[in-house]
Amino acid sequence: MSARIMGYREAVDHLPEGVTLVARDVHWKDYEQLLEELADRPGVRITYDQGKLEIMSPLPEHEEYKRFIERVVDALGDQLDLNVEPRGSATWKRKGDAQGTEPDTCYYVANSERIIGKRKIDLSEDPPPDIVVEIDATNESLTKFPICSSLSEPELWRYDAKHNRIHMYELRGNQYIEVPSSRSFPVLTGKALADFIEQSKRQGQKAAMAAFRRWLKKG
């Protein structure tokens with residue numbers, strides 16, 4: 001392991017929750033080596049954009065919101081009888097573009113049949129996830145949008161925890177356009193999802209999920 005990678009590893013080991021470490025002029029090979037070195041730290045999020053490296057350690061509340069959204073997506077798949085294949089915070093990268101990112105969570109829906117059973121997904125021949133989710137509790141994920149666009153990720157959800165708003169976007173051309181409801185789950189609006197997240201903060205996830213399932217059945 002190079003001294004530079006050892007330095008990054010040591011910095012990550014002491015990185016406070018909610019803080020982002022930024023490094024510049026990082027070579028692609030160092031980025032890939034760092035991904036391997038931090039494989040035992042699945043909670044850490046790493047973004048690489050043409051030499052710029054960002055490493056973020058999420059807050060506990062960040063993981064709370066992510067888990068609730070995961071439960072919502074599971075319920076949607078069950079109620080709507082759709083195959084939903086989760087891939088969590090998997091790393092999505094393309095060497096040719098010198099870009100890579102790790103969403104807070106992501107899903108295959110329309111393309112789920114194409115990746116079922118695959119243990120390794122190669123974006124040169126496989127589709128990107130249909131939905132990527134970003135939780136903005138302390139840091140904004142807007143800087144990731146160009147990378148997500150380059151990787152052709154068709155749908156992006158961004159939860160603004162400070163203002164309790166869910167922004168849903170569709171990729172049109174090479175730009176993300178905000179839309180009122182999900183492309184993959186048209187019944188779900190950003191406002192409805194934000195309302196149930198807020199309910200989960202007040203009443204707990206079990207009660208909020210019961211309310212969500214009742215709402216979903218009525219719809």
Side-chain angles (χ1 to χ4, degrees), residues 4-26 30-73 86-93 99-107 129 131-149 151 153 155-169 176 178 190 193-206 208-209:
R4 192 171 192 180
I5 297 301
M6 290 178 63
Y8 291 146
R9 176 65 202 235
E10 183 176 355
V12 170
D13 288 341
H14 296 89
L15 189 64
E17 293 175 341
V19 172
T20 300
L21 171 68
V22 180
R24 300 183 185 277
D25 299 322
V26 178
D30 289 336
Y31 163 59
E32 292 198 311
Q33 288 177 13
L34 186 61
L35 289 175
E36 293 181 5
E37 179 61 25
L38 295 178
D40 63 341
R41 296 288 302 274
V44 174
R45 306 286 185 268
I46 304 173
T47 302
Y48 182 85
D49 189 6
Q50 299 178 352
K52 180 182 178 183
L53 182 74
E54 294 186 3
I55 305 172
M56 192 268 282
S57 177
L59 291 168
E61 67 176 283
H62 183 280
E63 299 302 290
E64 171 192 344
Y65 306 144
K66 181 192 80 168
R67 178 61 185 134
F68 185 77
I69 291 173
E70 289 175 336
R71 296 179 70 178
V72 163
V73 173
R87 287 299 181 269
S89 55
T91 301
W92 305 103
K93 57 189 173 72
Q99 292 177 319
T101 185
E102 296 171 349
D104 290 309
T105 191
C106 64
Y107 303 90
I131 304 172
V132 296
V133 180
E134 297 289 349
I135 311 293
D136 289 354
T138 55
N139 300 284
E140 285 200 354
S141 58
L142 296 174
T143 56
K144 290 186 176 182
F145 279 33
I147 303 175
C148 295
S149 171
L151 296 175
E153 296 171 340
E155 182 172 355
L156 193 156
W157 301 355
R158 183 175 73 89
Y159 177 52
D160 177 353
K162 182 178 179 180
H163 301 99
N164 190 49
R165 291 192 63 188
I166 287 278
H167 300 272
M168 293 182 170
Y169 304 88
Y176 282 103
E178 188 164 1
L193 181 52
D195 288 345
F196 285 112
I197 293 175
E198 183 63 25
Q199 184 175 351
S200 76
K201 297 177 191 178
R202 299 191 312 268
Q203 301 176 8
Q205 293 202 6
K206 181 179 178 180
M209 280 306 305

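Predicted model, so just to flag it, every value in this text is computed and none were measured. Every heavy atom of this structure was used, including side-chain atoms; hydrogens, water molecules and symmetry mates were not.
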To the nearest 0.5 Å, what is the distance between CD1 (Ile55) and OH (Tyr8)?
7.5 Å
Can you measure from CD (Glu134) to OG (Ser89) and round to the nearest 0.5 angstrom?
10.0 Å
Is there side-chain contact between Thr20 and Arg45, with at least one heavy-atom pair below 4.5 Å?
no
State which residues pass salt bridge (Lys or Arg N to Asp or Glu O under 4.0 Å) with Glu178; sequence neighbours excluded, sorted by chain then number.
none
How long is the span from the CG atom in Leu35 to the OH atom in Tyr48, to the nearest 0.5 Å?
11.0 Å
Does one side chain, of Gln205 or Ser200, offer a donor that lies under 3.5 Å from an acceptor on the other?
no
Should we count CG of Asp25 as having more than 12 external heavy atoms under 6.0 Å?
no
Does the side chain of His62 come under 3.5 Å of the side chain of Asp104 through a donor N or O and an acceptor N or O?
yes
Any Val73 side-chain heavy atom under 4.5 Å of Trp157 side chain
yes
Working to the nearest 0.5 angstrom, can you tell me the gap between Trp92 CH2 and Gln99 CD?
15.5 Å
With a cut-off of 6.0 Å (strictly less than), are more than 12 heavy atoms of other residues, nucleotides or ligands near CZ of Arg71?
yes
Non-hydrogen atoms of Gly88 and Pro103 that approach each other most closely:
O-CG, 4.1 Å
Only residue of Arg87, Lys66, Glu70 satisfying side chain to side chain donor-acceptor pair (under 3.5 Å) with Thr105 is Glu70
Show, in sequence, the C-alpha distance, side-chain angles and deciding distance for Thr47 and Met56, and conclude whether the side-chain contact (heavy atoms from CB on, under 4.5 Å) test is met.
CA-CA 9 Å; Thr47 302; Met56 192 268 282; over 6 Å; no
With a 3.5 Å distance limit and no angle check, can you tell me whether Glu153 reaches the backbone of Pro129 through a side-chain donor-acceptor pair?
no
Taking everything shown except Arg24 itself, do over 12 heavy atoms lie less than 6.0 Å from its CZ?
no
Heavy atoms of Lys52 and Val22 approach each other most closely as CE-CG1, 3.9 Å
Any side-chain heavy-atom pair of Lys93 and Leu151 under 4.5 Å
no
With heavy-atom distances below 4.5 Å as the criterion, would you say the side chains of Thr91 and Tyr31 are in contact?
yes
So which atom in Pro58 and which in Glu63 form the shortest heavy-atom distance, rounded to 0.1 Å?
CB-OE2, 3.7 Å
What's the separation between atom CG in Leu156 and atom CE in Met168, rounded to the nearest 0.5 Å?
10.5 Å
Quick one: does any side-chain atom of Tyr65 pair with a main-chain N or O of Ala137 as donor and acceptor, under 3.5 Å?
no
Let me see the working for Tyr159 and Asn164 under side-chain contact (heavy atoms from CB on, under 4.5 Å), right down to the final yes or no.
CA-CA 7 Å; Tyr159 177 52; Asn164 190 49; 2.6 Å; yes
Determine, stepwise, if the pair Asp13 / Arg41 fulfils side-chain contact (heavy atoms from CB on, under 4.5 Å).
CA-CA 9 Å; Asp13 288 341; Arg41 296 288 302 274; 3.0 Å; yes
Let's go through Arg9 and Glu36 carefully: what are the C-alpha distance in whole Å and the side-chain angles of both, what is the deciding distance for salt bridge (charged side-chain N to carboxylate O under 4.0 Å, His left out) to 0.1 Å, and is it a yes or a no?
CA-CA 11 Å; Arg9 176 65 202 235; Glu36 293 181 5; over 6 Å; no
Are the charged groups of Lys144 and Asp136 less than 4.0 angstrom apart, N to O?
no
Evaluate the side-chain proximity of Glu37 to Val12: yes if any heavy-atom separation is below 4.5 Å, no if none is.
no
Rounding to 0.5 Å, atoms CG (Asp30) and CD1 (Ile5) come to a distance of 4.5 Å
